[in-house]
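First comes the structure, then the notes that go with it.
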Amino acid sequence: MFDAEDLYIFPVDVWIQEGVEWLALNLRPIFLAIKWPVETLLSFNDYVLHQIPFPVFVLLIALLAYRLASRGIALFSAVSLIAIAFMGVWSEAMTTLSLITTAILICTVIGVPIGILCARSDYVWNIVRPVLDVMQTTPTFVYLVPVVMLFGVGTVPGEVAVVTAAAPPLIRFTNIGIRMVEKEMVEAGLAFGANNRQLLWEIQLPLAIPTILGGLNQTVLTAMVMSVVVAMIGAEGLGLVVLQGLGRLDVGRAAVGGIAIVLLAMMLDRITQKMAQPKDVKAKSWFRSLLALLQIGRVQQLPLPTGRRTV
């Protein structure tokens, strides 16, 4: 009988190993150039979050949650932060939060432009889509091996792994949001003489903001999960607390880290989820649609070339 075990096995693992080693040896300056802005931004965010006094930080987060979400989410955020502080992992929580905020900033800077480019070009989307499929279906632990070989170990390489894993949802949702904008709105903008830049910034992006914010919510959750996994390569934060508890068979220590992670993840999820349906953005979209209709009416009432006016 024909047996799969008798087939020739391609040495894919050897090819990948040699490829990563070649990249690490020959493209070292490029990876150092990538590492420097990530390290700078991460160090700045970590310093700022650790310097803010505990009561002030809780108040700021509660006010931010109240402004972006609701009163109930603001109360939940404040209670969660106070509970994290009482469990004795406040410093670790701030380190994890700096990892998340840095990842959100970098993913936004990288993901939104790529998503816009994919939405405006089917050719680009056909190239990027398989890459995103691979990135989103690859197990999170697999990211750690090439990251360690290319960037080393520590919190900064962990941040690179977090960004790599968290960027795909934002790219996908940005592409979907822009493509879902009604054709009538785009055609109306073109009819009024809008160029590509005006069409993007005045029509497509404002209408796609709820979908893009939904992608941001998925990016935050993915970054939160990955920030725990990267503790295996030396990244600090709540993930390291869980890892230390597991290594010492200290169930209480691991549980404290896990509870703090859950509270922090729920707080970020509730805020970003509420932002995905902002009332003011919808109001602005309807307001701009109303302005477009009014402008159409004004155009119809312009004087005719013969000097006559429309009734």
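Numbering starts at 1 and runs along the sequence shown. Values reported hereafter were calculated over all heavy atoms of this structure, with side chains retained and with hydrogens, waters and symmetry mates removed.
With hydrogens and angles disregarded, a donor-acceptor distance shorter than 3.5 Å links the side chain of Thr272 to the backbone of Leu268.
Salt bridge Asp122/Arg129: absent, no basic N to carboxylate O contact under 4.0 Å.
Thr108 is not listed as a side-chain neighbour of Thr219, based on a closest heavy-atom distance of 4.5 Å or more.
Taking a 6.0 Å sphere around CE of Met232, one finds it holds 12 or fewer heavy atoms contributed by other residues, nucleotides or ligands. With a 6.0 Å radius and a threshold of 12 heavy atoms from other residues, nucleotides or ligands, Gln198 has its CD atom above the threshold. Residue Phe54 qualifies as enclosed at atom CZ: its count of foreign heavy atoms under 6.0 Å is above 12. Counting heavy atoms of neighbouring residues, nucleotides and ligands inside a 6.0 Å radius, atom OH of Tyr66 does not exceed 12 of them.
To the nearest 0.5 Å, atoms CD1 (Ile212) and CG (Leu207) are separated by 10.5 Å. Rounded to the nearest 0.5 angstrom, Ile73 CD1 and Asp269 CG are separated by 9.0 Å. Here the straight-line distance linking atom OG1 of Thr174 with atom CZ of Arg179 works out to 12.0 Å at 0.5 Å rounding. The structure places CD of Gln244 at 8.0 Å from CD of Glu92, a figure rounded to the nearest 0.5 Å. Of the inter-residue distances, the one linking Leu41 atom CG with Asp46 atom CG reads 11.0 Å to the nearest 0.5 angstrom.
For the residue pair Thr222 and Pro169, the shortest heavy atom distance occurs at OG1-CG, 4.2 Å. Residues Ala235 and Gly158 approach most closely at CB-CA, 4.5 Å, considering heavy atoms. Between Val163 and Cys107 the shortest heavy-atom distance is O-SG, 3.8 Å. Across every non-hydrogen atom of Ala93 and Ile84, the tightest pair is CB-CG2, 3.6 Å. In terms of heavy-atom proximity, Leu99 sits nearest to Glu236 at CD1-O, 3.7 Å. Across Pro157 and Phe151, no two heavy atoms sit closer than the pair CG-O, 3.4 Å.
Between Arg172 and Gln218, the side chains place no donor N or O within less than 3.5 Å of an acceptor N or O (distance only, hydrogens not considered). Side-chain contact of Ser98 with Asn45: a donor-acceptor pair under 3.5 Å is absent, judged by distance alone.
Leu63 and Val56 fall into different hydrophobic clusters, where Ile, Leu, Val, Met, Phe, Trp and Tyr are joined by side-chain heavy atoms under 4.5 Å apart, directly or via other members. Val225 and Leu170 are members of different hydrophobic clusters when ILVMFWY side chains are connected at heavy-atom separations under 4.5 Å. If you chain together hydrophobic residues whose side chains sit under 4.5 Å apart, Val242 and Leu221 never meet in one group. Cluster annotation: Val160 is not connected to Val134 through the hydrophobic network of ILVMFWY side chains, with a link wherever side-chain heavy atoms come within less than 4.5 Å. Under the 4.5 Å side-chain heavy-atom criterion for grouping Ile, Leu, Val, Met, Phe, Trp and Tyr, Val153 is not connected to Leu32 through any hydrophobic cluster.
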